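All values reported here derive from a predicted model rather than from experimental measurement.
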Amino acid sequence: MSAPAPSTLAIVDAEPLPRQEEVLTDAALAFVAELHRQFTPRRNELLARRGERRAEIARTSTLDFLPETAAVRADDSWKVAPAPAALSDRRVEITGPTDRKMTINALNSGAKVWLADFEDASAPTWENVVLGQLNLTDAYERRIDFTDPKSGKTYALKAADELATVVMRPRGWHLEERHLQLDGVSVPGALVDFGLYFFHNAQRLIDLGKGPYFYLPKTESHLEARLWNDIFVFAQDYVGVPQGTVRATVLIETITAAYEMEEILYELRDHASGLNAGRWDYLFSIVKNFRDGGAKFVLPDRNAVTMTAPFMRAYTELLVRTCHKRGAHAIGGMAAFIPSRRDAEVNKVAFEKVKADKDREAGDGFDGSWVAHPDLVPIALASFDAVLGEKPHQKDRLREDVSVAAGDLIAIDSLDARPTYDGLRNAVAVGIRYIEAWLRGLGAVAIFNLMEDAATAEISRSQIWQWINADVVFENGEHATAELARKVAAEELAAIREEIGEETFTAGKWQQAHDLLLQVSLDQDYADFLTLPAYEQLR
């Protein structure tokens, strides 16, 4: 008897979308189903391992470099694969979701790379997941344009040699895609995003002189990097492209990954392109992992934790040294400021801060950095041009002067700053505003002249949780309590209602956002990711 045919993926509880059949082809879904069969069991084991490691941190309140991988760190002979031409010069990268307008603007922005984001800058509605894939393929086929329905302004792609190189970011390992299921089990969002993109575009990108390039988010260990490497090997064989075609840049945005940078590069060495310093998620990860570690791990207001804080300097300088030792690109953090075309003073302050940030990164040895808005591309470009000149990168700067001890990365109490009452108000205000937009399907949101994404909401709710549980006393004498957080949230909700008017307020998801922020900020059982309970409410 012949073996029964394997089950196929089912599209569940999803309204049909225009042209979805171009993305959700039988062959593409069969590939995603095979990824799910082969790799989801290991993903599940690694998620369980995260929980075990977190329990160990709760017990010890410390972290160290891994003794079992000391030989990998000590072996100076290995390097990552050489960068392909399209990823050799990464001096400015722009980030943003894959809606049609952003796709055109990001590719046209003058940045060397566009991080096409299915993760923190994109709320994972079915529409965003599927149509985002379609927009990227349309861009590669040069059949994309956009007319703004409000202004009538039209957008179209520049010449091919002026376009940014796309590095696509799938969702993190923790998220499921509830609309694609195999035998009643949801497929991990990461495998859906990666699988659909890779299946449709790997050969297409090779034909364009580029390749399937990825940013890997929320990685917590070298074993998770090993899983991704095995997925790349399998995928390249499956569609028949040469091994080593894929390139991956890993975001070092968790505190545990900071202790495994070399091992992460080693696991991905045939496919590795670099590491990136992701600031807000990194701070969120510190709070999450050391939330019961006492006063010495209490972070001050998020805006008081600059990249010059000693423990943040340790993290970024170790990243540059590690990357250059292994021949990889070191990519700096996000400039989230949004220039104002109406307020010259806001603009002046934003540009000065971005310039100082990018000057520092270029001076430290980074090979490139991120911005969130096209108007910031020239500023970041100037900072890196001043250091790089005609060179595509500065990997020859080995930063052998850098020496980071295990304790330096978690020396939070080296910061001379304390949580403030205004910091609490800001965390509540930003949290409510961001979550409300996310529940409406928006992942990149302009709030108080900054471009915010899901990492912003994570650090906001984590700080509220931490300050309450550490019984922080603010400068005005008030204790951080659940009652105070509820009072501030009620005041913020009333202020928003007053600001936008009853009709707009009622049409939005403001009460829902308020309630969800308080849930993930006040529940004693700390949610690993805000987006997990939020996804249950995303329709």
Side-chain angles (χ1 to χ4, degrees), residues 1-48 97-99 116-119 122-138 168-204 212 214 217-218 227-228 230-232 234-240 438-441 443 529 531-539:
M1 251 176 85
S2 61
S7 304
T8 55
L9 279 188
I11 300 170
V12 177
D13 190 27
E15 292 291 323
L17 297 166
R19 296 177 61 198
Q20 74 172 28
E21 69 281 354
E22 297 175 44
V23 176
L24 304 172
T25 64
D26 289 346
L29 291 178
F31 174 58
V32 173
E34 199 53 40
L35 289 174
H36 177 59
R37 285 188 198 94
Q38 295 269 350
F39 299 108
T40 296
R42 271 177 64 193
R43 170 265 200 176
N44 293 343
E45 291 168 7
L46 289 168
L47 289 183
T98 53
D99 60 86
D117 201 5
F118 287 82
E119 200 231 2
S122 180
T125 61
W126 183 236
E127 183 176 14
N128 288 345
V129 168
V130 175
L131 298 189
Q133 296 277 353
L134 192 66
N135 291 337
L136 292 176
T137 301
D138 279 355
M168 182 271 218
R169 180 162 73 168
R171 277 169 280 182
W173 280 128
H174 58 289
L175 286 166
E176 312 284 1
E177 175 47 68
R178 64 166 171 258
H179 298 297
L180 281 178
Q181 298 182 1
L182 188 70
D183 298 329
V185 177
S186 295
V187 179
L191 295 182
V192 172
D193 299 339
F194 166 81
L196 293 175
Y197 181 76
F198 185 88
F199 186 85
H200 288 300
N201 297 303
Q203 189 59 55
R204 182 178 272 122
F214 298 93
K218 309 283 192 289
L227 173 58
W228 270 117
D230 291 346
I231 289 167
F232 297 154
F234 174 85
Q236 288 164 126
D237 280 347
Y238 189 102
V239 304
W438 196 92
L439 291 171
R440 287 188 288 109
F529 293 95
T531 46
L532 293 172
Y535 187 52
E536 298 303 313
Q537 300 183 27
L538 186 67
R539 291 289 181 266

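Looking at Glu34 and Phe39, their side chains never come closer than 4.5 Å, going by heavy atoms from C-beta outward. Looking at heavy atoms from C-beta onward, Asp230 lies out of side-chain contact with Gln38 at the 4.5 angstrom threshold. Counting heavy atoms from C-beta outward, Asp193 and Glu177 have side chains that stay 4.5 Å or more apart. With a 4.5 Å cut-off on side-chain heavy atoms, Leu17 and Glu127 count as touching. Here the side chains of Thr8 and Asp26 are not in contact, with every heavy-atom distance at 4.5 Å or above. At a threshold of 4.5 Å between non-hydrogen side-chain atoms, the residues Leu180 and Ile11 count as touching. Inter-residue side-chain proximity for Thr98 and Met168 is flagged as unmet; no heavy-atom pair is nearer than 4.5 Å. Proximity of Ile231 to Arg42: side-chain heavy atoms (C-beta onward) are nowhere separated by under 4.5 Å.
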_Show, in sequence, the C-alpha distance, side-chain angles and deciding distance for Leu131 and Leu134, and conclude whether the side chain to side chain contact (heavy atoms under 4.5 Å, CB included) test is met._
CA-CA 5 Å; Leu131 298 189; Leu134 192 66; 4.1 Å; yes
*Run the side chain to side chain contact (heavy atoms under 4.5 Å, CB included) check on Thr531 and Arg171 step by step: do they pass?*
CA-CA 11 Å; Thr531 46; Arg171 277 169 280 182; over 6 Å; no
*Going through the checks in order, is the side chain to side chain contact (heavy atoms under 4.5 Å, CB included) test met by Glu119 and Leu175?*
CA-CA 10 Å; Glu119 200 231 2; Leu175 286 166; 5.9 Å; no
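Taking both residues in full, the closest heavy atoms of Glu176 and Ser186 are given as OE1-O, 3.5 Å, listed atom of the first, atom of the second, then distance. Nearest heavy-atom pair across Ala534 and Leu439 is O-CD2, 3.9 Å. Here the closest non-hydrogen pair linking Val32 and Val187 is CG1-CG1, 4.1 Å. Between Val129 and Phe118, the shortest heavy-atom distance links the atoms O-CE2, 3.6 Å. Contact between Leu9 and Ala33 at its shortest, heavy atoms only, is CG-CB, 3.8 Å. Nearest heavy atom pair, residue Tyr535 against residue Pro124, reads CE1-O, 3.7 Å.
Counted within 6.0 Å of CD on Glu21, heavy atoms from surrounding residues, nucleotides or ligands total more than 12; the atom is thus considered enclosed.
To the nearest 0.5 Å, atom CG of residue Leu538 and atom CZ of residue Arg178 are 6.0 Å apart.
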List, one per line, each side-chain donor-acceptor pair under 3.5 Å for residues 194-204, sequence neighbours excluded.
residue, atom, partner, partner atom, Å
Tyr197, OH, Tyr140, OH, 2.5
His200, NE2, Val23, O, 2.7
Asn201, OD1, Thr137, OG1, 3.1
Asn201, OD1, Arg204, NH1, 3.2
Asn201, ND2, Tyr197, O, 3.2
Gln203, NE2, Asp207, OD1, 2.9
Arg204, NE, Glu141, OE2, 2.5
Arg204, NH1, His200, O, 2.7
Arg204, NH2, Glu141, OE2, 3.4

